[in-house]
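See below for the structure under consideration.
By convention here, the first residue in the shown sequence is residue 1.
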Amino acid sequence: LIIPKDFTLIGAANTNIIIKNKGLIISKSPINLIGKKDSPIIISAQNSGQGIAVLNAQRNSNIEYVHFDGLSSPIDELWSLTGAITFYNSPVSISNCIFSNINAEDTINIVKSRFSFKKSQIIHSKSDSIDLDFSDGIIEDISIINAGNDGIDVSGSNVQLNYVSIHGAGDKALSIGEEGNLFASNIEIKDAEIAFASKDKSKIIADSISVINSKVGFVVFEKKPEYSSANMYISNASIENVETPYLLEPNSNLTINEKKYKANVENVESLLYGVQYGRKSD
């Protein structure tokens, strides 16, 4: 289903869309999918059904009370996308939604777009749950449960996080890179390989955070040589049962609860992406 420019794709309560047989939805116009709490819109995939991409829509899309289940990345013979749900150069507001069992590199990928993402759940992502590339916006009152890779992966973006819980992350719960800025408050992370990671001239400022049952707490380093060191400032932190509290390279900065930490490794990348912590990819 292809929606050209200068239209609006509209869905209302009790709508049920099944994408199957390599089907997908591509829209060059905004999409307004507005369900209700007791009668949400349901969009699911069966028999190799793919996902949804909104490309260069210009005007804001609105998605409310929608349950996305089992979608996968749109792919064709000549191109493919990493996100099962992608917004590229297309502003979007998402609230009161559920994303479950998404079989894609990214459950939702927002690229070069303003966004608002509130009061939603992401459950059982195959890989990353939220991937933000060069996009600015707010994430608030979000729970992520069992992300196969990263919970929230941010690159080159300015993002505000409020009241976010991430329970189960196969790699990093919160990660930022490529000169991005992440401002976070009231964050709870449990059962992550790495709780917080800042790299490549990026900065995390976080207040009122809890990290429980994670292998590595805080990682600050340079990965890509075209960038430089990174920064992380954490206040009012509660840390419980964390195997390695922090990994910090020289020239990067880490402050937790007003204590400035000293570098304890020369090359974080060799630890994270080598054999010691079993890391193989970003």
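- In this structure, the separation between CD on Glu178 and NZ on Lys201 is 13.0 Å, given to the nearest 0.5 Å.
- Between Asn109 and Leu81 there is no side-chain heavy-atom pair separated by less than 4.5 Å.
- Side chains of Ser235 and Asp207: a donor-acceptor N/O pair is present below 3.5 angstrom, by distance only.
- The closest donor-acceptor contact from the side chain of Ser73 to the backbone of Thr82 lies under 3.5 Å.
- Judged purely by atom type and a 3.5 angstrom limit, Glu249 uses its side chain to pair as donor or acceptor with the backbone of Glu222.
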### Message
Run Ser29 and Thr8 through side-chain contact (heavy atoms from CB on, under 4.5 Å) and show every step you take.
### Response
CA-CA 6 Å; Ser29 295; Thr8 302; 5.6 Å; no

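- Not a single donor-acceptor pair under 3.5 Å links the side chain of Asn149 to the backbone N or O of Gly170.
- Around the OH atom of Tyr261, the shell of radius 6.0 Å holds more than 12 heavy atoms that belong to other residues, nucleotides or ligands.
- The closest donor-acceptor contact from the side chain of Ser125 to the backbone of Ala147 lies at 3.5 Å or more, if one exists at all.
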Identify each donor-acceptor pair in which a side-chain atom of residues 84-101 lies under 3.5 Å from a protein atom, sequence neighbours left out, and give them as a table.
residue, atom, partner, partner atom, Å
Thr86, OG1, Gly83, O, 3.2
Asn89, ND2, Asn56, OD1, 3.0
Ser90, OG, Val54, O, 3.4
Ser90, OG, Asn56, N, 3.1
Ser90, OG, Ala57, N, 2.9
Ser90, OG, Tyr88, O, 2.7
Ser93, OG, Asn60, ND2, 3.3
Ser100, OG, His67, NE2, 2.9
Ser100, OG, Asp69, OD1, 2.5
Asn101, ND2, Asp69, OD1, 2.9

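- The two residues Val111 and Ser135 come nearest to each other via the heavy atoms C-OG, 3.3 Å.
- Taken to the nearest 0.5 Å, the OG atom of Ser129 stands 9.5 Å off from the CD1 atom of Ile102.
- Two residues are said to be in side-chain contact when any heavy atoms from C-beta on lie closer than 4.5 Å; Ile108 and Phe68 fail this criterion.
- The distance from atom CG of Asp191 to atom CD of Glu193, rounded to the nearest 0.5 Å, is 10.0 Å.
- To the nearest 0.5 Å, atoms NZ (Lys28) and CD1 (Ile2) are separated by 7.0 Å.
- A 4.5 Å side-chain heavy-atom check between Ser214 and Ile189 finds at least one atom pair inside the cut-off.
- The CD1 atom of Ile209 sits 5.5 Å away from atom CD1 of Ile234, with the distance rounded to the nearest 0.5 Å.
- Ile139 and Phe115 make their closest contact through CG1-CE1, 3.7 Å (heavy atoms, listed as atom of the first residue, atom of the second, distance).
- Shortest non-hydrogen contact noted between Ala169 and Gly151 is CB-N, 4.5 Å.
- For Asn264 (side chain) and Tyr246 (main-chain N/O), a donor-acceptor pair under 3.5 Å exists by modelled atom type.
- Clustering ILVMFWY residues whenever any of their side-chain heavy atoms sit less than 4.5 angstrom apart, transitively, puts Ile176 in the very cluster that holds Ile152.
- Proximity of Phe221 to Val265: side-chain heavy atoms (C-beta onward) are nowhere separated by under 4.5 Å.
- Ile25 and Ile31 fall within a single hydrophobic cluster, where Ile, Leu, Val, Met, Phe, Trp and Tyr are joined by side-chain heavy atoms under 4.5 Å apart, directly or via other members.
- Under the 3.5 Å distance criterion, with hydrogens and angles disregarded, no donor-acceptor pair is assigned to the side chains of Asn62 and Glu64.
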### Task
Go through Ile204 and Phe218 one step at a time and tell me if the side-chain contact (heavy atoms from CB on, under 4.5 Å) criterion holds.
CA-CA 11 Å; Ile204 292 177; Phe218 307 92; over 6 Å; no

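- Hydrophobic clustering of Ile, Leu, Val, Met, Phe, Trp and Tyr side chains at less than 4.5 Å, counting indirect connections, keeps Leu248 apart from Val219.
- A donor-acceptor distance shorter than 3.5 angstrom exists from the side chain of Asp200 to the backbone of Lys223, with no hydrogens or angles considered.
- Side chains of Thr255 and Asn253 form no contact here, defined as non-hydrogen atoms less than 4.5 Å apart.
- Not one N or O on the side chain of Asp150 forms a donor-acceptor pair closer than 3.5 Å with the backbone of Asp128.
- Checked by atom type, the side-chain pair Ser165/Lys190 shows no donor-acceptor distance below 3.5 Å.
- Salt-bridge formation is not detected for the pair Lys118/Asp141: no Lys NZ or Arg NE/NH1/NH2 atom is positioned less than 4.0 Å from an Asp or Glu carboxylate oxygen.
- Note on Tyr65 and Ile142: separate hydrophobic clusters, where clusters join Ile, Leu, Val, Met, Phe, Trp and Tyr whose side-chain heavy atoms are under 4.5 Å apart, directly or indirectly.
- Although no hydrogens or angles enter the test, the distance criterion places no donor-acceptor pair under 3.5 Å between the side chain of Ser210 and the main chain of Glu188.
- How far CD1 of Ile212 is from OG of Ser238: 6.5 Å, rounded to the nearest 0.5 Å.
- Heavy atoms only, all atoms of each residue included: Leu24 and Ile19 are closest at N-CG2, 3.8 Å.
- With Gln50 contributing its side chain and Ile75 its backbone, the two residues share a donor-acceptor pair below 3.5 Å.
- The side chain to side chain contact (heavy atoms under 4.5 Å, CB included) with Val216 is formed by just one residue from the set Val242, Val211, Ile194; it is Ile194.
- The shortest non-hydrogen separation linking Ala230 to Ser252 is N-OG, 3.1 Å.
- Looking at every heavy atom in both residues, Ala104 comes nearest to Ser127 through O-CB, 3.5 Å.
- In this structure a side-chain-to-backbone donor-acceptor pair under 3.5 Å is missing from Ser208 to Asn236.
- Checked against side-chain contact (heavy atoms from CB on, under 4.5 Å), Asp6 has no partners two or more places apart in sequence or in another chain.
- Hydrophobic clustering places Phe117 together with Ile41 (ILVMFWY residues linked when any side-chain heavy atoms are closer than 4.5 Å, directly or through intermediates).
- With contacts defined as side-chain heavy-atom distances shorter than 4.5 Å, the pair Ser27/Phe7 does not qualify.
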